[in-house]
A.B. asks: 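Please read through the structure below; I'll follow up with questions.
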Amino acid sequence: MDSSGDPAYRLLNDYSNGFMVSQVGMLGVLSTEAVPSFPCCSEVLFTACELGVFDLLAEAREPLGSEVVAAHLGTSPHGADLLLDACASLELLTVDTRGETAFYQNTELSRTFLTRASPKSQHNMLLYLSRTTYLCWGHLAAAVREGKNQYAKAFGVPSDELFTAIYRSEAEQLQFMRGLQEVWSVYGRAVMAAFDLSLFPFICDLGGDFFKDLLPEADLYILARILHDWTDEKCSHLLARIHHTCKPGGGILVVESLLDEDRRGPLTTQLYSLNMLVRTEGRERTPAEYRTLVSSADFQDFQLKKTGKIYDVILARK
């Protein structure tokens with residue numbers, strides 16, 4: 001599901017996206033054989049992160065038994081025993097049985113991506129998936145029927161102002177922003193190395209209310225996972241605003257997960273497109289669709305670089 005070169009991260013991505021595959025399967029559009037055995041893995045992963053299993057084991061000087069883990073985390077010994085065994089089967093933990101007692105410690109995957117102290121930690125993004133995205137996906141069938149996001153059903157909040165719905169509290173916004181930083185800790189180097197950006201002295205990483213706020217003049221505007229949130233009309237409006245402000249010879253750097261031109265894959269991007277349905281106004285697109293969007297705003301010299309990972313990069317010039 002993930003073309004990242006790191007097998008451990010690919011496995012983590014399969015687990016974290018498993019609930020999406022499960023919900024698609026519940027619509028009856030996939031055969032039982034077509035649904036990987038990952039759906040319940042999402043809940044196991046999310047629960048272990050939320051309870052602090054991986055951080056506790058990272059801080060311990062030696063492997064811990066389930067009763068010690070339960071005492072530290074405030075869970076039932078029986079529940080901790082079952083959760084730890086499931087994590088071990090998922091290759092999130094190693095287990096060493098001494099006599100009748102099992103002792104657990106983190107695998108390299110967990111040390112790298114699931115402990116908060118790691119520079120490549122995905123902890124905040126996984127918690128956001130668990131507490132927000134997962135709940136919206138519980139209403140996938142309604143989203144498909146209605147063609148709109150499901151914040152009203154999932155959280156009882158109106159979604160007319162998209163980011164008011166997404167950022168329902170300051171804590172929620174902070175967690176999402178930290179989660180995005182974590183994603184770029186894995187993918188950022190490949191994204192930023194796709195093109196030679198030394199030609200652009202002043203670079204603006206676009207954020208804020210970019211439909212209304214005054215845009216700063218810059219040589220290059222980075223739109224990382226922005227256009228997929230919006231309809232074609234709103235994307236065209238935003239790109240036209242950027243083109244108006246962009247310095248002559250400047251450009252835009254678009255970072256998105258791209259669908260194949262026939263829209264038959266990759267599966268990860270197809271799931272992300274459904275995620276846009278349940279959570280935003282937008283969708284994932286093909287390279288040709290992005291070419292049409294940027295051309296409509298008079299950007300030229302469209303260039304696409306495949307990174308070999310989930311996110312690819314488009315450069316276009318004014």
A.B. asks: According to side chain to side chain contact (heavy atoms under 4.5 Å, CB included), who are the partners of Thr292, at least two apart in sequence or on a separate chain?
C.D. replies: none
A.B. asks: Can you sort out the partners of Thr75 under side chain to side chain contact (heavy atoms under 4.5 Å, CB included), two or more places apart, ordered by chain and number?
C.D. replies: Leu51, Ala70, Leu73, Ala80
A.B. asks: Return each pair, listed once, that meets salt bridge (charged side-chain N to carboxylate O under 4.0 Å, His left out) where at least one residue sits in residues 172-193; pairs must be two or more places apart or across chains.
C.D. replies: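 Sorted pair list: Arg168-Glu172.
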A.B. asks: Mind jotting down which residue pairs meet the salt bridge (charged side-chain N to carboxylate O under 4.0 Å, His left out) criterion with at least one end in residues 260-282? Sequence neighbours excluded, please.
C.D. replies: Lys234-Glu281, Arg263-Glu289
A.B. asks: Give the ring-plane orientation class for His237 versus Phe211, where under 30° counts as parallel, over 60° as perpendicular and anything between as tilted.
C.D. replies: parallel
A.B. asks: With Tyr151, which residues qualify under ring pair (Phe, Tyr, Trp, His ring centres under 6.0 Å), at least two apart?
C.D. replies: none
A.B. asks: What residue pairs, at least two apart or across chains, pass ring pair (Phe, Tyr, Trp, His ring centres under 6.0 Å) with a residue in residues 79-126?
C.D. replies: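 The answer is Tyr9-Phe113.
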A.B. asks: Checking Thr307 now: which residues fulfil side chain to side chain contact (heavy atoms under 4.5 Å, CB included) with it, not counting sequence neighbours?
C.D. replies: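 Partners of Thr307 by the side chain to side chain contact (heavy atoms under 4.5 Å, CB included) criterion, ordered by chain and then number, come out as Ala190, Lys309, Asp312, Val313.
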A.B. asks: How about Lys247: does its NZ atom have over 12 heavy atoms from other parts shown lying under 6.0 Å from it?
C.D. replies: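 For Lys247, atom NZ is crowded (more than 12 foreign heavy atoms under 6.0 Å).
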A.B. asks: Could you list all the ring pair (Phe, Tyr, Trp, His ring centres under 6.0 Å) pairs where at least one residue sits in residues 49-97, not counting sequence neighbours?
C.D. replies: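 Output for this query is empty, none listed.
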A.B. asks: Tell me yes or no: between the side chains of Glu43 and Thr47, is some donor less than 3.5 Å from an acceptor?
C.D. replies: no
A.B. asks: How would you list all residue pairs meeting salt bridge (charged side-chain N to carboxylate O under 4.0 Å, His left out) that involve residues 112-141, not counting sequence neighbours?
C.D. replies: Glu50-Arg131, Asp55-Arg116
A.B. asks: With side-chain hydrogen bond (donor to acceptor under 3.5 Å, both in side chains) as the rule and sequence neighbours excluded, what pairs involving residues 209-225 come up?
C.D. replies: Arg225-Tyr311
A.B. asks: Holding to side chain to side chain contact (heavy atoms under 4.5 Å, CB included), I want the full list of residues that pass it with Thr97, two or more places apart in sequence or in another chain.
C.D. replies: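 Counting only residues at least two positions away or on another chain, Thr97 forms a side chain to side chain contact (heavy atoms under 4.5 Å, CB included) with Val95, Ala102.
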A.B. asks: Using a 4.5 Å cut-off on heavy atoms from C-beta on, say whether the side chain of Asp96 contacts that of Pro63.
C.D. replies: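 Sidechains of Asp96 and Pro63: no contact.
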A.B. asks: Give me each pair satisfying salt bridge (charged side-chain N to carboxylate O under 4.0 Å, His left out) with a member in residues 59-84, each pair once, sequence neighbours excluded.
C.D. replies: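 Listed by first then second residue: nothing to list.
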A.B. asks: For a 4.5 angstrom cut-off between non-hydrogen side-chain atoms, does Tyr290 reach Leu304?
C.D. replies: no
